[in-house]
Novice: 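Provided herewith is a single structure, encoded as structure tokens, for subsequent inquiry.
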Amino acid sequence: MKEKFRSFSRRLDLYIETKRFRWLKSLILALGFTVTGCVCFLAGFFLNRDENMIYKSHINAMSDAPVTTTAPSTQEESESTDAAVTGIPEETEPVTETTPARITIDENLLKSYISEDISVPYIEYSYTDKVSFENRSKVKGIKLPLTKKSFTLTYNGTISAGIDSSLITASADNDTYTIYVSLPEAHIISHTVHEDSFSVSDAKNNIFNPITPEDYTNLCSSQSKKNEEKALADGLLSDVYSEAERIISDYLKLDGIISSMYTIEFILP
């Protein structure tokens, strides 16, 4: 019995020692894994921190550096660069100088402007005349007594002058950029006496030689040449030429080429 107890006691002690060893082994393994994990975590943290610092320093350097953009090079630039690097002379095409086309006014277009589109209106000269009239009846050139009649006539008249627009000619000198416009001779077109403007004063009629309407018209007709000469002396024809030059210049300058490049000169008869 005593031996059995001793045998049981030894087995119990062996079992307890075996259990302790397994528990201790498990504890050691657990601690080993824990320490290893901590070491790896710390090593990874510090290593990653250094890499992040390097990465951030690269990023900062790139952001602080000036940004330069270069246009994509063409094929010709790349070929010329290769030629410069290799020392091979670049083949160049011969340069030919081309003279740009001169902008000028077409002669036919200019003539169409003048012949088809330009019409110079007449210039009117208005006047007022006052003239006295006296007449006696005559027999064989001898004035008869008691036949005198007289009056003073005041009236208005209009003299028109102009040029024939169909006779205007033009030519262009494209070397000097000058347009020459030749004007025909200006002349009096019409002369009108306004009979409704007649005003008679100081009339002395005679039963043997009465005043008639023909006396008024004949008196006006006799004064026509004098009034026309006065109109010419006052510059009627000069006004015609000035108006023609103004109308022609304004019309031709509606063409952009003429207005920007050409000078217009007028040739008077």
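Numbering of residues begins at 1 and proceeds along the displayed sequence.
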Novice: Under the rule for side-chain hydrogen bond (donor to acceptor under 3.5 Å, both in side chains), what residues qualify as partners of Asp215, not counting sequence neighbours?
Specialist: Lys149, Thr212
Novice: Does some side-chain heavy atom of Glu124 sit less than 4.5 Å from a side-chain heavy atom of Ile159?
Specialist: no
Novice: Shared ILVMFWY cluster between Ile267 and Ile163, side chains joined below 4.5 angstrom?
Specialist: no
Novice: Assess whether side-chain contact (heavy atoms from CB on, under 4.5 Å) is satisfied between Phe133 and Asn218, documenting all intermediate values.
Specialist: CA-CA 10 Å; Phe133 174 81; Asn218 291 335; over 6 Å; no
Novice: What residues form a side-chain contact (heavy atoms from CB on, under 4.5 Å) with Thr154, not counting sequence neighbours?
Specialist: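 Partners of Thr154 under the side-chain contact (heavy atoms from CB on, under 4.5 Å) test: Thr128, Lys130, Ser199.
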Novice: Would you kindly confirm whether Ile189 and Leu167 end up in one hydrophobic cluster when ILVMFWY residues are joined by side chain heavy atoms under 4.5 Å apart?
Specialist: no
Novice: With side-chain contact (heavy atoms from CB on, under 4.5 Å) as the criterion, how do Cys220 and Leu153 come out once you've worked through the C-alpha distance, each side chain's angles and the decisive distance to 0.1 Å?
Specialist: CA-CA 9 Å; Cys220 293; Leu153 178 65; 3.8 Å; yes
Novice: Nearest 0.5 Å, what's the OH-CD distance between Tyr127 and Gln223?
Specialist: 9.0 Å
Novice: Closest heavy-atom contact between Phe151 and Ala203?
Specialist: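 Here Phe151 and Ala203 meet closest at CB-CA, 3.8 Å.
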Novice: Please check if Ile211 and Phe208 belong to a single hydrophobic cluster, counting links between Ile, Leu, Val, Met, Phe, Trp and Tyr side chain heavy atoms closer than 4.5 Å.
Specialist: no
Novice: Taking Tyr262 for the side chain and Asn174 for the main chain, is one N or O donor matched with an acceptor at less than 3.5 Å?
Specialist: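 Between the backbone of Asn174 and the side chain of Tyr262 there is no qualifying donor-acceptor contact (under 3.5 Å).
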Novice: When rounded to the nearest 0.5 angstrom, what is the spacing between CG in Asp239 and CD1 in Ile123?
Specialist: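 Rounded to the nearest 0.5 Å, the CG-CD1 separation comes to 6.5 Å.
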Novice: Taking C-beta and beyond as the side chain, do Val131 and Thr152 meet within less than 4.5 Å on heavy atoms?
Specialist: no
Novice: Can you check whether Thr158 reaches His194 side chain to side chain, under 4.5 Å on heavy atoms?
Specialist: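 Yes, side chains in contact.
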Novice: Look at Lys225 together with Glu228 and state whether they make a salt bridge at an N to O cut-off of under 4.0 Å.
Specialist: no
Novice: Below 3.5 Å, can you tabulate the donor-acceptor pairs from side chains in residues 110-122 to any protein atom, sequence neighbours excluded?
Specialist:
unit_1: Ser112; atom_1: OG; unit_2: Leu109; atom_2: O; d: 2.6
unit_1: Tyr113; atom_1: OH; unit_2: Asp255; atom_2: OD2; d: 2.9
unit_1: Ser115; atom_1: OG; unit_2: Lys111; atom_2: O; d: 2.8
unit_1: Asp117; atom_1: OD2; unit_2: Tyr251; atom_2: OH; d: 2.8

Novice: Are Tyr180 and Met261 co-members of a hydrophobic cluster defined by side-chain heavy atoms under 4.5 Å apart?
Specialist: no
Novice: Roughly how far, to the nearest 0.5 Å, is OG of Ser259 from CG of Leu252?
Specialist: 10.5 Å
Novice: Which heavy atom of Leu268 sits nearest a heavy atom of Glu245, and at what distance?
Specialist: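 That closest heavy-atom pairing would be CD2-OE2, 3.8 Å.
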Novice: With rounding to the nearest 0.5 Å, note down the distance linking OG in Ser150 to CG in Asn205.
Specialist: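 Answer for the OG-CG pair, Ser150 versus Asn205, is 9.5 Å.
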Novice: Is the closest side-chain heavy-atom distance between Phe266 and Ser182 below 4.5 Å?
Specialist: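 They are not in contact (no side-chain heavy atoms under 4.5 Å apart), so the answer is no.
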Novice: I want to check something: taking the side chain as every heavy atom from C-beta on, are Val181 and Thr169 in contact at a cut-off of under 4.5 Å?
Specialist: no
Novice: First locate atom CG of Asn156, then atom CG of Asp129, and finally report the distance between them rounded to the nearest 0.5 Å.
Specialist: 9.5 Å
Novice: Using the rule that Ile, Leu, Val, Met, Phe, Trp and Tyr join whenever any side-chain heavy atoms are under 4.5 Å apart, tell me whether Ile264 and Tyr241 fall into a single cluster.
Specialist: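 Yes.
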Novice: Are any of the side-chain heavy atoms of Lys204 and Lys148 separated by less than 4.5 Å?
Specialist: no
Novice: Of all heavy-atom pairs between Gly162 and Val240, which one has the smallest distance, and what is that distance?
Specialist: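 Shortest heavy-atom separation between Gly162 and Val240 comes out as CA-CG1, 3.7 Å.
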Novice: Just wondering, more than 12 heavy atoms not from Glu185 lying within 6.0 Å of its CD?
Specialist: no
Novice: Nearest 0.5 angstrom please: Glu229 CD to Ser224 OG, how far?
Specialist: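 Nearest 0.5 Å value for the CD-OG distance: 11.0 Å.
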Novice: Passes ring pair (Phe, Tyr, Trp, His ring centres under 6.0 Å), Tyr125 versus His191? Steps please.
Specialist: CA-CA 9 Å; Tyr125 174 88; His191 186 172; 9.3 Å; no
Novice: Let's go through Ile168 and Leu183 carefully: what are the C-alpha distance in whole Å and the side-chain angles of both, what is the deciding distance for side-chain contact (heavy atoms from CB on, under 4.5 Å) to 0.1 Å, and is it a yes or a no?
Specialist: CA-CA 5 Å; Ile168 301 173; Leu183 299 179; 4.2 Å; yes
Novice: Would you check if there is a donor-acceptor pair between the side chains of Thr176 and Asp173 at a distance under 3.5 Å?
Specialist: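 Looking only at side-chain atoms, Thr176 and Asp173 do form a donor-acceptor pair, the distance falling under 3.5 Å.
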